[in-house]
Amino acid sequence: MNLRNCARCGKMFNYIGGQPICDPCKKAIEEDFQKVKQYIVDNPTASLKQITEDNQVSAKQIQQWIREERLMFSKDSPIQLLCENCGEPITTGRFCAKCKTSMANNLNNTFAKPKPALQQPVKKEPKAGMRFLDT
Ligand SMILES: [Zn+2]
Ligand SMILES: [Zn+2]
């Protein structure tokens, strides 16, 4: 048993992993999420303050959902998100598509196509198995 205090309601619960939040609270948060998601669809121009007040959800919670890319805002929304890397306006998450792609490429360098601008020494040519007609 790994007892912890729930980060939301403060009750002791059997902690399994992930966020330190008890099951009833997790359920309640999920319900809040569905509510907020629908609310944003119905009220695309609602401000963050309006959303928190009308749904009784904290701004912190909404920001978390945005970071998790669970909430999306339309272009008309007063909620303006900016890419944490380049400052481009985005609709969800933390980074714009461009930065996400380049970050993914950096992570999986082996799969990225070599760009002519920055030549990286990729020296792993599959020699074995290649045969020319030299007989
Ligand atoms: Zn709880
Ligand atoms: Zn960016």
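Because the structure is predicted, anything quoted here is derived from the model rather than measured. As the structure lists them, so they are numbered: ligands from 1, and atoms in each ligand from 1.
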Answer yes or no for R70 and F33: cation-pi contact, defined as NZ/CZ to six-membered ring centre under 6.0 Å and angle to ring axis within 45°. yes
Under 4.0 Å between a Lys/Arg side-chain N and an Asp/Glu carboxylate O for E69 and K100? yes
Would you call K49-E53 a salt bridge at under 4.0 Å N-O? yes
Transitively linked via ILVMFWY side-chain contacts under 4.5 Å: M72 with I62? no
Does one hydrophobic cluster hold both V57 and I51, with members joined at side-chain heavy-atom distances below 4.5 Å? yes
Protein-derived N, O or S atoms lying under 2.8 Å from the Zn ion (ligand 1), waters excluded: 4
Quick one: side-chain contact (heavy atoms from CB on, under 4.5 Å) partners of A59, sequence neighbours excluded? L48, T52
From CD1 (I29) to CD1 (I21), nearest 0.5 Å: 4.0 Å
The expected count of protein N/O/S atoms at less than 2.8 Å from the Zn ion (ligand 2) is 4
With side chain to side chain contact (heavy atoms under 4.5 Å, CB included) as the test, would you mind laying out the steps for L81 and F73 before giving the verdict? CA-CA 9 Å; L81 306 171; F73 295 96; 4.1 Å; yes
My understanding is that only residues two or more places apart in sequence, or in another chain, count here; which of them pass side-chain hydrogen bond (donor to acceptor under 3.5 Å, both in side chains) with Q34? E30
